[in-house]
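The block underneath contains the structure these notes are about, expressed in structure tokens.
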Amino acid sequence: MPELPEVETVCRGLAAALEGRRLTGVEVRRPDLRIPFPPGFAAALQGRRVLRIRRRGKYFIWELDDGTALLGHLGMSGSMTIRAPGTNFPPPAPHDHVILTTDDGAQVSYHDPRRFGLMTLSTVAGVEDHPLLAAMGPEPLSDAFTPAVLAAALKGKQTPIKSALLDQGAVAGLGNIYVCEALFRARVSPRRLADNVGRRKVEALVPAIKSVLTEAIASGGSSLRDYRQATGELGYFQHTFAVYDREGQPCPGCDCGAAEGQANGIQRIVQAGRSTFFCAKRQR
DNA sequence: CACGAACCCTGGCTGC
DNA sequence: TGCAGCCAGGGTTCGT
């Protein structure tokens, strides 16, 4: 479910509520997420103060006051929800796998029906070198992400650009939705081989990726089925999708498919087992 | 080596 | 109404 904008939105919500707070309760209700919790997981968090919450790609990182880092991923269906101090906390729902309590009486629950998410421990000093993060590509919203850097990542790859951009080692944080949207903005066909994306198209892709991610973050992310911000609010970027999940609808760029009986419009294909949505007329 | 398919798991929707 | 089948925002592993 969550791609970079959703994880960023969740981290901002968590940071506002948790930075400076102490974790007074740690309840692990189900230990078998994608990878098991490490031994001593709950004890390592218990009593620690949260100094900072940040994001790397689709991972969240909590920096604790003893140099421990909590490193986690929301997978496809994970969410983190804050319940403010003073509210009546509902009993744990099915798939609430971790419940944290803070010293000001707030509660944070990690909920993940499909259990593709994970949480593990690292250190603040070494978390960037953790095996889960070490091979990750540049942050797309940083100044380090430039056309030259993207071109180098695509060079020689005989896989479609759609698949290449989903590779977290090329650029961090993109998922199925935002790759489709960025390719549309840059007018690049998802079927074009990565190695055959010319310099001008790479130069269009970089700002397309940056703009779609920036706008999605400003909208609180995209809520399709169960995604929510940490505050419980829905994101609303899904109303802005140009192509994602819009098969058969007119292309918002060239309006093909709008006229009666006209064959064009947004089409859906499958690449590497995932749906791709695009306009074959506008994206080349 | 580099690619795509299969798989991990559950829930929701579609169509018969 | 019931249920089988398919699909889903992620990532890893296995086979070609």
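Residue numbers start from 1 in every chain, and the chains themselves are labelled A, B, ... in the order their sequence lines are given, proteins ahead of strands.
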- A/S109 side chain vs A/H111 backbone, donor-acceptor pair below 3.5 Å: no

- Item | Residue A/S275, side-chain heavy atoms: nucleotide from B/dG4, C/dA8, C/dG10 that is nearest | C/dA8

- Note on the structure: Picking from B/dG4, B/dC9, C/dG11, the nucleotide nearest the side-chain atoms of A/F116 would be B/dC9

- Message: Without decimals, in angstroms, what is the distance between A/K155 NZ and B/dA2 C1'?
- Response: 17 Å

- Query: Does A/R268 have a side-chain nitrogen or oxygen under 4.0 Å from the phosphate oxygens OP1 or OP2 of C/dA8?
  - Reply: yes

- Task: Ignoring backbone atoms, test whether A/H73 places a side-chain nitrogen or oxygen under 4.0 Å from the OP1 or OP2 oxygen of C/dG10.
- Result: no

- Task: Please determine if a side-chain N or O atom of A/Q168 lies less than 4.0 Å away from the OP1 or OP2 oxygen of C/dG11.
- Result: yes

- Is any side-chain N or O of A/R114 under 3.5 Å from a base N or O of C/dA8, one able to act as donor and the other as acceptor? yes

- Message: If I pick the C1' atom on B/dA6 and the same atom on C/dC6, what distance separates them, to the nearest angstrom?
- Response: 16 Å

- A/K58 vs A/Q168 side-chain heavy atoms within contact, under 4.5 Å: yes

- Item | Aromatic ring pairing A/F241/A/F237, orientation class (parallel under 30°, perpendicular over 60°, tilted between) | perpendicular

- Task: Give a yes/no answer on whether the side chain of A/R34 brings an N or O atom under 4.0 Å of OP1 or OP2 in C/dG11.
- Result: no

- Test item: A/R49 side-chain N/O and A/G20 main-chain N/O as donor-acceptor pair under 3.5 Å: yes

- Scanning all shown strands, the Watson-Crick or wobble mate of B/dC3 with both distances under 3.5 Å is C/dG15

